[in-house]
Amino acid sequence: MSESESLLHGEEETVVVDDYESLSSYGSMSELDGKILRDLYLPDVLELPKVIRETVSLTDDPTVPVITFRYFLLSVLFVVPGAFIDTMNSYRTTSAAYSIFFVQIAGHWAGLWLAKVLPKKRIRIWKWQFSLNPGPWSIKETAMVTITANSGATGNLATNALSLADLHFGETVHPIVALGFMWAIVFVGYSYAAIAKSSLLYDPQFTWPTALMQTTLLQTQDQSAHDSKKGAKHMKVFFFVLAGITIWQLFPELIFPMTSSLAVLCWIAPYNSTLNFLGSGMGGMGVMNFSLDWANITSQIMLYPYWIQVIQFVAFIIGAWILIPLVKWGHIASSNGLMSNMLFTSDGKIYPSSKLLNPDYSLNLTAYEHYGPVHIGAQKAWNMFFDYAAYISGVTWVLLFGYENIAPTIRKLLAKRGTVEVQPQRTDRLNRLQRNYAEVPTSWYVILFFVSFLTLMAIFASGQMFMPWWACVVALVMGSIIVTPLTWLYALSNFQLAIGTFNELVYGYLNELSSRKHPVGALVFGSIAGDAWYRAQFHLDCMRLGFYMHLPPKAIFFSQLFGELIGVPINYLALRWVIKTKRHFLDGTLVDPLHQWTGQTISSYHTNAIQYVVLGPSRLFAHYPLLPYGFILGLIAPVILYKLHKRYPNVGLNYCNTTVFFSSMSRFYGNLSTGYISKFLGGTITMFYGFRYHNSLWKQYNYLMAAALDTGYNLSILIIFFVGGYFTMPAWWGNNSASVERCFAL
């Protein structure tokens with residue numbers, strides 16, 4: 001086909017240039033004789049996945065300043081509310097996370113304003129000097145503020161252990177000890193990022209969806225400064241959606257709570273107990289139940305690949321629509337406590353777990369014999385079963401399906417005797433640009449680890465935080481093992497596996513060897529092993545964002561530590577505020593009408609603490625002998641799928657990720673089962689229909705609208721937070737005091 005015929009049929013010719021210097025032979029772009037700029041690719045660009053090269057800037061100016069006075073000012077401004085909100089949200093049943101995209105948008109505009117109003121004056125402090133206003137605000141500064149907020153404007157796993165000790169055991173940890181522990185587990189996680197950094201961070205085939213979404217918005221903001229028409233259009237869409245969702249969220253959260261769970265079956269028969277249980281999304285199965293509350297939908301529908309969302313919805317159908325009715329009406333197991341994650345006696349009454357504890361928190365055998373074995377609801381039991389399966393599956397799946405991808409990098413890493421820098425062995429454009437910046441030395445990670453480790457040892461050696469020192473060492477070893485496989489899964493799919501239940505089980509076995517027993521110790525152990533992975537993922541995700549935005553790795557490293565130094569004290573203050581103001585909801589004395597301030601996470605941890613620490617795994621598994629088979633399932637299922645995939649490679653069995661399925665099956669629906677149908681419908685529109693059939697439109701607006709929706713939701717929650725103390729919504733048809741869903745028979 002000739003060039004003219006190719007253009008007529010819409011198949012524009014692709015120009016491949018062998019080196020940068022060859023570009024000069026074309027002269028200006030208007031002289032390329034009909035060839036289009038977006039199809040002019042060098043070989044190093046073609047090494048990048050299409051979604052990356054269409055999103056990420058392929059040029060860089062290393063001289064742009066990134067650590068400025070303006071950066072510090074805005075970082076503090078955005079980290080403080082984010083750390084508070086994220087901690088507060090952890091006590092709610094559902095919520096949308098503090099939107100990092102709000103930080104990107106507001107931080108960018110605030111930076112532009114500061115660049116106009118701040119004096120261009122140099123300040124000298126002892127040997128250091130800096131300029132209040134070094135020049136025009138850059139998109140790199142916006143990215144740095146975003147990374148700092150991404151690190152500091154988050155929750156902290158230690159707040160779960162501190163809350164459990166306070167709410168259920170009446171023990172308040174000293175603030176200095178609490179803060180030291182919170183900082184130490186976070187920084188251990190950052191140091192552990194070095195384990196997976198070389199094999200996963202700089203490989204262009206791993207897209208890191210969240211980092212790519214943030215890059216999309218940052219590039220859109222940057223374009224607005226160079227292409228005012230296109231940038232203005234995108235910003236109009238962003239702020240229109242933001243304003244719309246901000247106003248709308250006032251309805252499900254305050255004015256019209258019924259819209260948070262549209263229980264169609266309850267409308268048909270509001271006093272029929274069977275239909276109410278089937279249709280309710282607040283204590284029922286959620287059949288034909290829809291939600292218009294963004295807290296129940298979230299931007300996951302615009303972030304998770306469609307195959308992830310299909311797996312999650314299938315797991316919801318099996319868990320909520322098949323297993324729950326089989327227990328309730330099919331009697332395949334006791335239905336006592338089916339929709340609860342608390343502990344029960346054999347006759348279905350709440351187990352007086354406090355009576356099981358001696359003053360030293362050992363098991364009171366006399367009370368145990370009197371009240372009988374501890375029972376858990378059937379749903380809680382299969383949640384635990386699939387939690388075990390998911391953990392083992394996470395490692396097995398990566399070894400089978402991911403080994404071919406990461407093995408070459410690991411071999412190169414071993415050949416270089418431990419250095420974390422493998423960029424010289426990569427030839428794609430982004431890695432070539434990244435060579436302009438010095439890599440973070442391995443010694444920085446080592447020093448960070450040892451400072452954190454010594455802090456933890458000092459805390460445990462002094463008898464604080466409910467656990468012996470040697471258990472901390474075991475937790476750190478466990479965390480190091482899981483970092484690479486779970487980061488691999490996250491870098492490909494944006495799916496983050498929860499690993500708390502498995503960690504607490506391991507501690508239960510360790511606790512049988514310990515002379516010092518405290519129920520909260522299991523959660524302390526889990527927070528150490530958990531943050532070793534979660535914070536490693538945080539660090540690498542931010543490093544990947546910096547990789548896309550061409551930021552110095554050392555600056556990113558510093559910005560994350562700076563964010564945590566600000567955020568952790570705010571986490572602690574938020575914890576104290578929530579316990580003080582919402583204690584009666586969280587400890588079960590009162591019931592929140594919206595089923596939001598349930599503290600279901602803390603309640604679940606309390607259940608696990610009694611099971612794993614007070615009773616011990618041996619008693620648990622003796623009463624529930626099928627639970628350990630979850631480990632076997634997690635080992636065998638990936639092997640079976642891998643063998644089938646090798647035999648039938650075109651079927652797509654590599655997308656049937658057992659880790660995602662098992663993790664989704666471990667989700668608890670006792671408080672909320674609404675939103676899942678709405679999420680799947682939304683995900684089908686965005687990540688299937690939009691992505692496949694309107695890709696050019698999807699590329700422009702998907703991530704942008706996701707950012708706007710999350711930002712608007714959080715803005716609305718802030719409005720309600722400040723106004724709620726002065727205004728109470730009166731009861732009306734859409735805000736029924738007995739049941740906001742109008743499921744009156746539950």
Ignoring hydrogens and angles, tell me if any N or O in the side chain of S527 forms a donor-acceptor pair with the backbone of V524 under 3.5 Å.
yes

List in chain and number order the residues that pass salt bridge (charged side-chain N to carboxylate O under 4.0 Å, His left out) with K643, two or more places apart in sequence or in another chain; answer none if no residue qualifies.
none

Determine the interplanar angle of the Y689 and Y693 rings, folded into 0 to 90°, and report it as parallel if under 30°, tilted if 30 to 60°, perpendicular if over 60°.
tilted

Side chain to side chain donor-acceptor pair (under 3.5 Å), that's the test. Do S393 and T658 meet it? Break it down for me.
CA-CA 7 Å; S393 173; T658 55; 2.6 Å; yes

Quick one about Q537 and T487 (side-chain donor to acceptor, distance below 3.5 Å, no hydrogens or angles considered), yes or no?
no

Is the side chain of N702 donor-acceptor paired with the backbone N or O of M302 at a distance under 3.5 Å, no angle test?
yes

Do we see a donor-acceptor contact under 3.5 Å between the side chains of N654 and Y642?
no

Kindly say whether the aromatic ring centers of F631 and F502 come within a distance under 6.0 Å.
yes

Quick one: does any side-chain atom of N296 pair with a main-chain N or O of L292 as donor and acceptor, under 3.5 Å?
no

Once you round to the nearest 0.5 Å, how far does CG of N503 lie from OH of Y612?
10.5 Å

Is any side-chain heavy atom of T501 closer than 4.5 Å to a side-chain heavy atom of N608?
yes

Can you name the nearest heavy-atom pair linking A522 to E504, along with the distance?
O-CG, 3.5 Å

Show your working on side chain to side chain contact (heavy atoms under 4.5 Å, CB included) between S291 and S261 and close with a plain yes or no.
CA-CA 5 Å; S291 179; S261 180; 5.9 Å; no

CD1-CD1 distance between I717 and I85, expressed to the nearest 0.5 angstrom:
9.0 Å

Determine whether the side chains of T154 and R535 contain a donor N or O and an acceptor N or O closer than 3.5 Å.
yes

Hits for salt bridge (charged side-chain N to carboxylate O under 4.0 Å, His left out) against R544, two or more places apart or cross-chain, chain-then-number order -> none

Have S163 and Y91 got a donor and an acceptor in their side chains that come within less than 3.5 Å?
yes

Is there a donor-acceptor contact under 3.5 Å linking the side chains of T87 and N571?
yes

Of all the heavy-atom pairs spanning A532 and Y192, show the shortest one and how long it is.
CB-CD2, 3.5 Å

Keeping D86 on the side-chain end and G82 on the backbone end, is there a donor-acceptor pair under 3.5 Å?
no

Assess the pair F691 and W698: is the distance between their ring centroids shorter than 6.0 Å?
yes

Looking at every non-hydrogen atom in both residues, tell me the closest pair between M285 and S673 and how far apart they are.
C-OG, 3.4 Å

For a quick check under 3.5 Å, do S260 and D293 share a side-chain donor-acceptor pair by atom type?
no

Ring pair (Phe, Tyr, Trp, His ring centres under 6.0 Å) between Y669 and F316, worked out:
CA-CA 9 Å; Y669 303 113; F316 166 71; 5.5 Å; yes

Go through it in stages, so that I can follow the logic: the residues are V474 and F525, the test is side chain to side chain contact (heavy atoms under 4.5 Å, CB included), and I'd like the CA-CA distance, side-chain angles, deciding distance and then a yes or no.
CA-CA 9 Å; V474 176; F525 182 90; 4.1 Å; yes

For G155, does its backbone N or O pair with a side-chain atom of N89 as donor and acceptor, under 3.5 Å?
no

Working to the nearest 0.5 Å, report the span between OG of S663 and CG of N383.
10.5 Å

Within-4.5 Å side-chain heavy-atom neighbours: L615 and L620:
no

Can you establish whether the number of heavy atoms outside Y509 located under 6.0 Å from its atom OH is more than 12?
yes

Check whether the side chains of W307 and N657 place a donor and an acceptor atom closer than 3.5 Å, and report yes or no.
no

Search all heavy atoms of P638 against all heavy atoms of W397 and return the closest pair with its distance.
CB-CE3, 3.9 Å

With side chains defined as the heavy atoms from C-beta onward, is the minimum distance between Y507 and V613 less than 4.5 Å?
yes

Between atom CD1 of I332 and atom CG of L326, what is the distance when rounded to the nearest 0.5 Å?
4.5 Å

Is there a donor-acceptor contact under 3.5 Å from the side chain of T55 to the main chain of T216?
no

S280 and N289: side chain donor to acceptor below 3.5 Å:
no

Can the ring centroids of F662 and Y391 be said to lie less than 6.0 angstrom from one another?
no

H375 side chain near N336 side chain, heavy-atom distance below 4.5 Å
no

Side-chain contact, heavy-atom cut-off 4.5 Å: R667 with Q312?
yes

So with a 6.0 Å cut-off around OH of Y306, is the heavy-atom count from everything else above 12?
yes

Which class fits the ring pair H606 and H168: parallel under 30°, tilted 30 to 60°, perpendicular over 60°?
parallel

When you check the side-chain N and O atoms of Q309 and K679, is any donor under 3.5 Å from an acceptor?
no

Check whether any side-chain N or O of T674 sits under 3.5 Å from a backbone N or O of G281 as a donor-acceptor pair, and report yes or no.
no

Side-chain donor/acceptor of E741 to backbone N/O of M258, under 3.5 Å:
no

Can the ring centroids of F251 and F256 be said to lie less than 6.0 angstrom from one another?
no

Nearest atoms (heavy-atom pairs only) where P519 meets V614
CG-CG2, 3.8 Å

Step by step, work out the side chain to side chain contact (heavy atoms under 4.5 Å, CB included) result for M288 and W267.
CA-CA 11 Å; M288 293 181 64; W267 303 347; over 6 Å; no

Could you check whether the rings of Y388 and F621 sit parallel, tilted or perpendicular, using 30° and 60° as the cut-offs?
perpendicular

Could you report the tightest heavy-atom contact between A706 and M213, atom names first, then the distance?
CB-SD, 3.9 Å

Check for me whether the distance between the ring centres of F401 and H645 falls short of 6.0 Å.
yes

Step-by-step side chain to side chain contact (heavy atoms under 4.5 Å, CB included) determination, Y676 to W321
CA-CA 12 Å; Y676 292 92; W321 294 357; over 6 Å; no

Checking K328 against F277: charged group under 6.0 Å from the ring centre and within 45 degrees of the axis?
yes

If you round to the nearest 0.5 Å, how far is CE of M339 from CG of L746?
9.0 Å

To the nearest 0.5 Å, what is the distance between CZ on F344 and CD1 on I376?
10.0 Å

